[in-house]
Every structure is written in C-alpha cells, then in structure tokens.
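Everything on this sheet refers to the single structure shown next.
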Amino acid sequence: MSNRLNAYATAPQMEKKAAQELRDAGIRAYLPMETVSGSRKLSNGCTRPFNRRVPIVRSCVFSGGKPPFAEH
C-alpha cells in the first residue's frame with residue numbers, strides 16, 4: 001500500500017455514499033465526521049434537540065488507493 005492519500009471530489013451531500021462505494025470496491029476510505037447539535041422548532045411551538053453527524057470536509061472523500069471506476 002502506498003503512503004499517498006488521494007482526495008476525491010463528490011457531489012454535494014454524497015460523501016457517505018462515495019465512501020461506501022470505495023469500501024465496497026475493497027479500497028480504504030477516510031471520511032472525517034463531526035457531530036453538530038442544535039434544536040428545531042416544531043409546528044406546535046415546542047423545540048426538539050437533535051444531533052447530526054456531518055462530514056468535516058464537504059464534497060470530498062479521502063482514500064488510500066485509486067478506484068478503477070466510481071459512480072459518485
């Protein structure tokens with residue numbers, strides 16, 4: 001395995017799918033994630049807290065190898 005880390009640009013909000021596609025092809029994929037917390041207002045006036053995991057680097061997936069082909 002090479003010491004090279006490749007960065008692949010993806011379509012917006014397709015980072016997780018692209019990383020899974022690389023893993024399915026047998027290639028190690030790295031997708032750094034962070035947890036974002038917040039609250040949203042419901043229609044009845046109450047608020048509901050939420051936690052969401054989002055990629056740190058948007059529209060980008062890192063990989064240790066080069067895939068032969070990729071859809072996303």
Side-chain angles (χ1 to χ4, degrees):
M1 186 169 143
S2 68
N3 293 330
R4 174 179 285 171
L5 187 65
N6 298 319
Y8 296 102
T10 66
Q13 299 181 358
M14 297 294 287
E15 300 92 353
K16 291 180 185 178
K17 188 170 184 176
Q20 187 59 48
E21 187 176 313
L22 286 168
R23 291 182 188 117
D24 290 344
I27 299 169
R28 296 176 70 186
Y30 177 63
L31 184 62
M33 304 284 280
E34 68 179 342
T35 302
V36 175
S37 300
S39 62
R40 70 183 84 173
K41 194 167 193 164
L42 302 177
S43 60
N44 61 4
C46 298
T47 58
R48 174 176 285 169
F50 68 88
N51 292 323
R52 185 180 313 153
R53 289 186 48 87
V54 296
I56 293 174
V57 181
R58 303 293 176 134
S59 298
C60 196
V61 176
F62 301 98
S63 170
K66 183 176 182 180
F69 63 91
E71 293 177 19
H72 301 285

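In this chain, numbering begins with 1 at the start of the sequence shown. What you see is a predicted model, and the numbers here were worked out from it, not measured in a lab. Just so you know, these numbers use all the heavy atoms, side chains as well, and skip hydrogens, waters and symmetry mates.
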Exercise. Does the side-chain contact (heavy atoms from CB on, under 4.5 Å) test come out yes or no for Glu15 and Ser59, once each step is laid out?
Worked result: CA-CA 6 Å; Glu15 300 92 353; Ser59 298; 4.1 Å; yes

For this session: Say whether, by atom type as modelled, one donor and one acceptor occur between the side chain of Ser63 and the main chain of Arg28 under 3.5 angstrom.
Result: yes

Exercise. If you group Ile, Leu, Val, Met, Phe, Trp and Tyr by side-chain heavy-atom gaps below 4.5 Å, do Val57 and Val36 land in one group?
Worked result: no

For this session: Give, for atom CZ of Arg40 and atom OG1 of Thr47, the distance between the pair rounded to the nearest 0.5 Å.
Result: 11.0 Å

Exercise. Looking only at heavy atoms, which two atoms of Val61 and Ala18 are closest? And how far apart?
Worked result: CG2-CB, 4.0 Å

Exercise. How close do Gly64 and Leu5 get, heavy atom to heavy atom, and via which atoms?
Worked result: N-CD1, 4.4 Å

Problem set entry | Shared hydrophobic cluster for Val54 and Phe50 (ILVMFWY, side-chain gaps under 4.5 Å) | no

For this session: Tell me whether Met33 is reachable from Leu22 by hopping between hydrophobic residues (I, L, V, M, F, W, Y) whose side-chain heavy atoms are closer than 4.5 Å.
Result: yes

Exercise. Taking all atoms of both residues into account, what is the closest heavy-atom pair of Ser37 and Asn51, and its distance?
Worked result: OG-OD1, 2.7 Å

Problem set entry | Flag if over 12 foreign heavy atoms under 6.0 Å of CD, Gln20 | yes

For this session: Specify the closest pair of heavy atoms between Leu31 and Pro55, including all atoms of both residues, with the distance to one decimal.
Result: CD1-CB, 4.2 Å

